[in-house]
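Below: the structure, in C-alpha cells.
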Amino acid sequence: MACLQTLTKSFSAWVFFCCCCCLPLLLGGPLPPKGAGVAFTAHHACRLKKVNFQPYIRNHTYTLAKMARVSDQDTDNRLIGQQLYANIKESNHCYMMKKTVETVVKDVLLTEVKDQYLYAKEVVEFLASLTQQLRHCEPSGQREQIEKNLKEMKRKMAELGQNGKTKAIGELDLLFDYTENACADASKKGGHKKKN
C-alpha cells in the first residue's frame, strides 16, 4: 500500500512538472514560417527517385536520339539546352523540364514519327511516366517566364517544320539528362552532367 502511495505521489509530481514547465516551452516556441509545409510539399512533388533513370531506358533514349540525329539537317539550332532556364530560378528547373517533356511527348513523339524509330514506344512510355509522377510539381512563381521559354522552344520547332520534330527526337538524350539533373534527388543522381 505504501508503495502505491509513493507511485501516486511521484506520478502526480511528474504530471505537475510537465504541465507547469514543459507545456509552456512547447506552446511558446516559434511557429514555422507561413507556407513552410506547402513549400516542402511542392519541393517534394518536384523530385524523382533515381530508380526512374535505369541504364536500359537511358540506352534506349540515347539510341533513339542518335538515330534521329542522322536525319537532322539543322546544326545551327538547339531546342533542349540552357536557354530553357533563361531567367528561371534553379528551384523551378524541374517544373520547366516537366513542361518540356510534356511538350515533346505530345507534339513530337505521339505524332506519326513514333512509328519511324526503334524504341520510340518505350521512350514515350518512360517520359509519360515521369510527367505522371511529377503531376503535382508546380513552380514557385515565374510561371509567365516558364511559359515564355517554352513558347520560344515551340516556335523554333514549328519554324523548322518536319525537321523540328526530327531535331527534338535527336535531342532526347539532352532531354533525359536535363530532366534527371533537374528532378532526381541530389543524393541519388548519377554522375551524368548536363550538356550545353
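Computed from a prediction, not measured in an experiment: that's the story for all the values here. Along the sequence shown, residues are numbered consecutively beginning with 1.
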Residues in salt bridge (charged side-chain N to carboxylate O under 4.0 Å, His left out) contact with Lys165, at least two apart in sequence or another chain
Glu112
Examine distances only and state if a side-chain atom of Glu90 and a backbone atom of Tyr85 form a donor-acceptor pair shorter than 3.5 Å.
no
Measuring from atom CD1 of Ile88 to atom CG of Asn149, what distance do you get when rounded to the nearest 0.5 angstrom?
4.0 Å
Residue pair Val105 / Thr131, side-chain heavy-atom distance below 4.5 Å
no
Any sub-3.5 Å donor-acceptor pair from Asn92's side-chain atoms to Pro139's backbone N or O?
no
Non-hydrogen atoms of Glu171 and Ile80 that approach each other most closely:
OE1-N, 2.6 Å
Working for side-chain contact (heavy atoms from CB on, under 4.5 Å), residues Asp177 and Tyr62
CA-CA 10 Å; Asp177 289 347; Tyr62 282 33; 2.6 Å; yes
For Phe176, the ring pair (Phe, Tyr, Trp, His ring centres under 6.0 Å) test, sequence neighbours excluded, returns Phe53, Phe126
Could I get the full list of salt bridge (charged side-chain N to carboxylate O under 4.0 Å, His left out) partners for Lys98, not counting sequence neighbours?
none
Quick one: closest heavy-atom pair of Gln73 and Asn163, and the distance?
N-OD1, 3.3 Å
Rounded at 0.5 Å granularity, tell me how far CG in Leu174 sits from CD in Gln82.
10.5 Å
Whether Arg155 and Glu159 form a salt bridge (side-chain N of Lys/Arg under 4.0 Å from carboxylate O of Asp/Glu) is what I want to check.
yes
Can you name the closest pair of heavy atoms from Asp72 and Asp74 and give their distance?
OD1-N, 3.0 Å
Report yes or no: do Leu48 and Tyr56 belong to one cluster of Ile/Leu/Val/Met/Phe/Trp/Tyr joined by side chain heavy-atom distances under 4.5 Å?
yes
Just do the side-chain contact (heavy atoms from CB on, under 4.5 Å) check on His93 and Leu84 with the steps written out, would you?
CA-CA 9 Å; His93 286 187; Leu84 289 173; over 6 Å; no
Quick one: closest heavy-atom pair of Leu118 and Leu64, and the distance?
O-CD1, 3.5 Å
So, taking the atom named NZ in Lys89 and the one named CD1 in Ile146, what distance separates them when rounded to the nearest 0.5 Å?
9.0 Å
How long is the straight-line distance from CG of Asp107 back to CD of Glu102, given to the nearest 0.5 Å?
10.5 Å
In a single word, yes or no, tell whether Cys46 and Cys183 have an SG-SG distance below 2.5 angstrom.
no
Which residue pairs satisfy the ring-ring contact (aromatic ring centres under 6.0 Å, His included) criterion with at least one member in residues 97-116, sequence neighbours excluded?
none
Taking the side chain as every heavy atom from C-beta outward, state whether Arg58 and Glu180 have any pair of such atoms under 4.5 Å apart.
yes
Mind checking what makes side chain to side chain contact (heavy atoms under 4.5 Å, CB included) contact with Leu150, not counting sequence neighbours?
Met96, Lys99, Thr100, Thr103, Glu147, Met153, Lys154
Minimum heavy-atom distance between Leu134 and Cys94, given as atom pair plus value:
CD2-SG, 3.9 Å
Where do Tyr178 and Val101 land on the side-chain contact (heavy atoms from CB on, under 4.5 Å) test, with the steps shown first?
CA-CA 10 Å; Tyr178 272 81; Val101 169; over 6 Å; no
Got a donor-acceptor contact below 3.5 angstrom from the Asp173 side chain to the Thr61 backbone?
no
Stepwise, does the side-chain contact (heavy atoms from CB on, under 4.5 Å) test hold for Val104 with Leu79?
CA-CA 10 Å; Val104 170; Leu79 302 174; over 6 Å; no
Counting only heavy atoms from other residues, nucleotides and ligands, does the tally under 6.0 Å from NZ of Lys121 exceed 12?
no
Look at the side chain of Gln145 and the backbone N and O of Asn87, then say whether any donor-acceptor pair between them is shorter than 3.5 Å.
no
Taking only residues two or more places apart in sequence or in another chain, which ones pass ring pair (Phe, Tyr, Trp, His ring centres under 6.0 Å) with Tyr119?
His60
Spell out, yes or no, whether Leu160 and Tyr117 are grouped together once hydrophobic residues are joined by side-chain heavy atoms under 4.5 Å, including indirect joins.
no
Working to the nearest 0.5 angstrom, can you tell me the gap between Ser71 OG and Gln162 CD?
10.5 Å
Please report the interatomic distance CG(Leu130) to CD(Gln132), rounded to the nearest 0.5 Å.
10.5 Å
